Amino acid sequence: MLKTYSISEVAKKLNLSVYTLRYYDKEGLIPFVKRSVSGTRMFKESDINALNIIECLKSTGMPIKEIKNFINWCSEGDSTLQQRYDLFIERKARVEAQMKEMKKTLELIEHKCWYYQTALDAGTENVHKNDKIEITN
């Protein structure tokens, strides 16, 4: 018999709330999850893998509506392979752009860490005359 997980087990495993999983179900993101005779959701390992993909797409800023389109494409089979491929190519480009921006942000933060550490070591910001932020009233 195939191992199944309860909604609370899946929530814990994915570090999500039960509420989030119920919301995903209500929005049609997990139509593949089977239910017992009494209506309890029974998650399989493949369902957890699909939820990981949903969370990945969500972390790229993709709206729920577009994630639902992706899930629908998956259920349509091979005829939607190109759309799914294109979606991930677009997501990849978006994440790469976000990473580039975050790298610039990190570089500035690293610079300011160095700035303040050397100012602390010297006991004054005057060691950085050209980089000092002057606030005057």
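Keep in mind the model is a prediction, meaning the values are calculated, not measured.
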Asker: According to a hydrophobic-cluster definition based on side-chain heavy atoms being under 4.5 Å apart (Ile, Leu, Val, Met, Phe, Trp, Tyr only), do F88 and V95 belong together?
Answerer: no

Asker: Between K13 and I48, is any pair of side-chain heavy atoms under 4.5 Å apart?
Answerer: yes

Asker: Using every non-hydrogen atom in the two residues, find where A122 and V127 come nearest and quote the distance to one decimal.
Answerer: CB-CG1, 3.4 Å

Asker: Distance only, no hydrogens: is a donor on one side chain within 3.5 Å (strictly under) of an acceptor on the other, for E45 and Y5?
Answerer: yes

Asker: Rounded to the nearest 0.5 Å, how far apart are OG1 of T20 and CD of E55?
Answerer: 7.5 Å

Asker: To the nearest 0.5 Å, how far apart are CD1 in I71 and NZ in K68?
Answerer: 9.5 Å

Asker: How long is the span from the SG atom in C113 to the CG atom in L108, to the nearest 0.5 Å?
Answerer: 9.5 Å

Asker: Do T80 side-chain atoms and Q83 backbone N/O form a donor-acceptor pair below 3.5 Å?
Answerer: no

Asker: So, the side chain of E66 versus the backbone of P63: is there a donor-acceptor pair under 3.5 Å, distance only?
Answerer: no

Asker: Examine the side chains of N72 and E76 and answer whether a donor and an acceptor come within less than 3.5 Å of each other.
Answerer: no

Asker: Within 45° of the ring axis of Y23 and under 6.0 Å from its six-membered ring centre, is that where the NZ or CZ of K26 lies?
Answerer: no

Asker: Side chains of T60 and R94: do they bring a donor and an acceptor to under 3.5 Å?
Answerer: no

Asker: Please give me the minimum heavy-atom distance between L87 and L57, naming the atom from each residue.
Answerer: CD2-CD2, 3.9 Å

Asker: Measure the shortest side-chain to side-chain distance between F70 and R91 over non-hydrogen atoms and say whether it is less than 4.5 angstrom.
Answerer: no

Asker: Around atom NZ of K65, are there more than 12 heavy atoms of other residues, nucleotides or ligands at under 6.0 Å?
Answerer: no

Asker: Would you name the heavy atoms of D47 and F43 that are closest together and state the gap between them?
Answerer: OD2-CA, 3.5 Å

Asker: Let's go through E96 and K92 carefully: what are the C-alpha distance in whole Å and the side-chain angles of both, what is the deciding distance for side chain to side chain contact (heavy atoms under 4.5 Å, CB included) to 0.1 Å, and is it a yes or a no?
Answerer: CA-CA 6 Å; E96 287 170 344; K92 180 177 180 278; 2.9 Å; yes

Asker: State the CZ-SG distance between F32 and C74, to the nearest 0.5 angstrom.
Answerer: 8.5 Å

Asker: Can a side-chain donor-acceptor contact be found between D86 and Q82 if the only test is distance below 3.5 angstrom?
Answerer: yes

Asker: Any chance you could measure I67, atom CD1, to I53, atom CD1, to the nearest 0.5 Å?
Answerer: 11.5 Å

Asker: Over all heavy atoms of both residues, which pair between P31 and G28 is shortest? Give the atoms and the distance, please.
Answerer: CD-O, 3.3 Å

Asker: So which atom in L21 and which in I7 form the shortest heavy-atom distance, rounded to 0.1 Å?
Answerer: CD1-O, 3.6 Å

Asker: Run the salt bridge (Lys or Arg N to Asp or Glu O under 4.0 Å) check on K104 and E101 step by step: do they pass?
Answerer: CA-CA 5 Å; K104 282 192 230 172; E101 285 302 309; 3.2 Å; yes

Asker: Testing the basics here: between W114 and H128, what is the closest heavy-atom pair and its distance to 0.1 Å?
Answerer: CH2-CE1, 3.3 Å

Asker: To the nearest 0.5 Å, tell me how far K58 NZ sits from L29 CG.
Answerer: 9.5 Å

Asker: Suppose we screen for side-chain contact (heavy atoms from CB on, under 4.5 Å). Which residues come up paired with D25, at least two apart in sequence or across chains?
Answerer: I30, R35, R41

Asker: Among the clusters formed by ILVMFWY side chains lying less than 4.5 Å apart, do M42 and L14 turn up in the same one?
Answerer: no

Asker: Does the side chain of W73 come within less than 4.5 Å of L81's, by heavy atoms?
Answerer: no

